[in-house]
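The structure appears below as structure tokens.
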Number of protein chains: 2
Amino acid sequence: MENNSCIRQQADIKQINRCKDTVSELSESFDHLANGLSLVGNSVRLKILYLIFEEKRLCVCDLSDILGMNISAISQHLRKMKDRNLLTTEREAQTIFYSLTTEYSTLLNPFFEILDKNKILATT
Amino acid sequence: MENNSCIRQQADIKQINRCKDTVSELSESFDHLANGLSLVGNSVRLKILYLIFEEKRLCVCDLSDILGMNISAISQHLRKMKDRNLLTTEREAQTIFYSLTTEYSTLLNPFFEILDKNKILATT
DNA sequence: TTATTATTTAAGCAAATACTTAAATAATAC
DNA sequence: GTATTATTTAAGTATTTGCTTAAATAATAA
């Protein structure tokens with residue numbers, strides 16, 4: 001697994017060890033955060049999140065129509081994001097509406113703002 | 001490609017069309033942003049970014065040692081992030097140091113802060 | 001109860017991603 | 001010049017991810 005040459009001659013051993021400690025301390029945090037960000041780092045899911053952010057709530061069917069994609073495909077994306085607590089659902093008869101959880105709404109806001117700015121640029 | 005049933009009876013056509021417009025207007029923005037976020041949404045790369053953020057600059061060799069991973073694997077991660085302008089390099093003799101670009105340093109700061117907080121919790 | 005509408009889930013396949021190995025490039029030391 | 005150190009790149013493999021199809025669940029309407 002580990003091989004190759006290196007460990008450079010003038011490596012700062014203190015620094016290396018400090019970094020190793022950080023990595024082992026935060027190991028789970030890194031995994032958890034990366035997993036959350038990987039959900040947002042997909043253009044279909046990013047679109048879904050932004051649309052829900054703008055429209056407050058949407059159902060699978062709406063999103064399927066808007067994005068021109070299979071309902072099943074959208075449903076599977078929504079599931080992943082619900083599992084990771086980016087989205088919540090509320091049922092209204094047969095329709096299930098998805099909306100952003102407040103926590104992720106705040107966290108993702110800087111990115112939505114970037115998109116908002118681009119939107120202004122695109123329309124003018 | 002598109003099939004299935006749906007388009008719910010009481011769908012808000014205006015809303016659907018407004019959303020379709022947004023998606024087509026921002027299509028490239030979505031792709032670009034999602035691509036950037038997908039880079040951060042990988043635990044190895046997130047670790048690399050956070051370590052470089054903390055230590056200001058690191059070389060492949062250091063990172064390989066810290067993360068217990070193949071130099072080649074790290075190098076390929078660094079390349080991707082350099083290509084997408086998350087990282088810059090400066091050469092010092094045979095060693096190439098990677099550091100964060102200011103733009104992404106700002107953008108990623110909220111996430112680094114989350115990790116910082118967890119670090120305090122982990123050590124106390 | 002059966003039919004319809006809205007949605008989810010499971011299985012399979014295809015494309016993308018991450019890591020390994022080995023070879024290539026590049027700067028310094030001898 | 002050759003040898004060494006630091007790094008990148010290319011090719012192959014294996015795992016993961018996203019989408020398709022088909023079947024399952026769940027609420028409402030007839």
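Here is the naming used below: chain letters follow the sequence lines, and residue numbers restart at 1 for every chain.
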Q: Provide, to the nearest angstrom, the distance between the CG atom belonging to A/Leu78 and the C1' atom belonging to C/dT8.
A: 11 Å
Q) Out of B/Ile52, B/Leu49, B/Ile48, which one pairs with B/Tyr98 under the side chain to side chain contact (heavy atoms under 4.5 Å, CB included) rule? A) B/Ile52
Q.
If you assign B/Ala73 and A/Ala73 each to the DNA chain C nucleotide with the nearest heavy atom, which residue ends up on the more 5' nucleotide?
A. A/Ala73
Q: State, to 0.1 Å, how close B/Ile16 and A/Asp62 come at their nearest heavy-atom pair, and which atoms those are.
A: CD1-OD1, 3.5 Å
Q.
With a 4.0 Å limit, can you tell me whether B/Lys82 has a side-chain N or O closer than that to the phosphate oxygens OP1/OP2 of D/dT8?
A. no
Give every pair of a protein N or O atom and an N or O atom of nucleotides 24-27 of chain D that lie under 3.5 Å apart, one pair per line with the distance.
none

Q | N or O in side chain of B/Arg79 less than 4.0 angstrom from D/dT9 OP1/OP2 | A | yes
**Q.** B/Lys20 and B/Glu25 ion-paired at < 4.0 Å
**A.** no
Q.
In whole Å, I'd like the distance from the CZ atom of A/Arg45 to the C1' atom of D/dT16.
A. 12 Å
Q) Should A/Glu54 and A/Lys119 count as an ion pair when the cut-off is N to O under 4.0 Å? A) yes
**Q.** Atom pair distance, as rounded to whole Å: NZ in B/Lys80 and C1' in C/dA18
**A.** 7 Å
Q.
Just so I know, are the side chains of B/Val40 and B/Arg45 near enough to count as touching, which here means a heavy-atom distance under 4.5 Å?
A. no
Q.
Whole angstroms only, please: what is the CD-C1' distance between B/Gln76 and D/dT7?
A. 12 Å
Q | Sidechain-backbone polar pair: B/Gln76 side chain, B/Ser72 backbone, donor-acceptor under 3.5 Å | A | yes
Q) Are the charged groups of B/Glu92 and B/Arg57 less than 4.0 angstrom apart, N to O? A) yes
Q | A/Asp12/A/Arg18 ion pair, N-O < 4.0 Å | A | no
Q: Using heavy atoms and a sub-4.0 Å distance, could you list which residues of residues 30-43 of chain A are near DNA chain D? By number, please.
A: A/Asn42
(Q) Pairing donors with acceptors under 3.5 angstrom, does anything connect the side chains of A/Tyr50 and A/Asp116? (A) yes
**Q.** Under-3.5 Å donor-acceptor pair between A/Ser72 side chain and D/dT21 base
**A.** yes
(Q) Output the rounded distance in Å from CG (B/Leu63) to P (D/dA6). (A) 14 Å
Q) Would you call B/Leu67 and B/Leu51 a side-chain contact if the rule is heavy atoms closer than 4.5 Å? A) yes
Q. For the pair made of CD1 in B/Ile96 and P in C/dA27, what is the distance, rounded to whole Å?
A. 9 Å
Q) Is the shortest side-chain N/O distance from B/His77 to OP1 or OP2 of C/dC19 below 4.0 Å? A) yes
Q. Of the candidate nucleotides D/dT21, C/dC19, C/dA6, which contains the atom at the shortest distance from the side chain of B/Met69?
A. C/dC19
Q | Protein-nucleotide distance (B/Ile71, atom CD1; C/dA18, atom C1'), rounded to Å | A | 17 Å
(Q) Any side-chain N or O of B/Tyr98 below 4.0 angstrom from OP1/OP2 of D/dT8? (A) yes
**Q.** B/Glu90 CD to C/dA27 C1', straight-line distance once rounded to whole Å
**A.** 16 Å
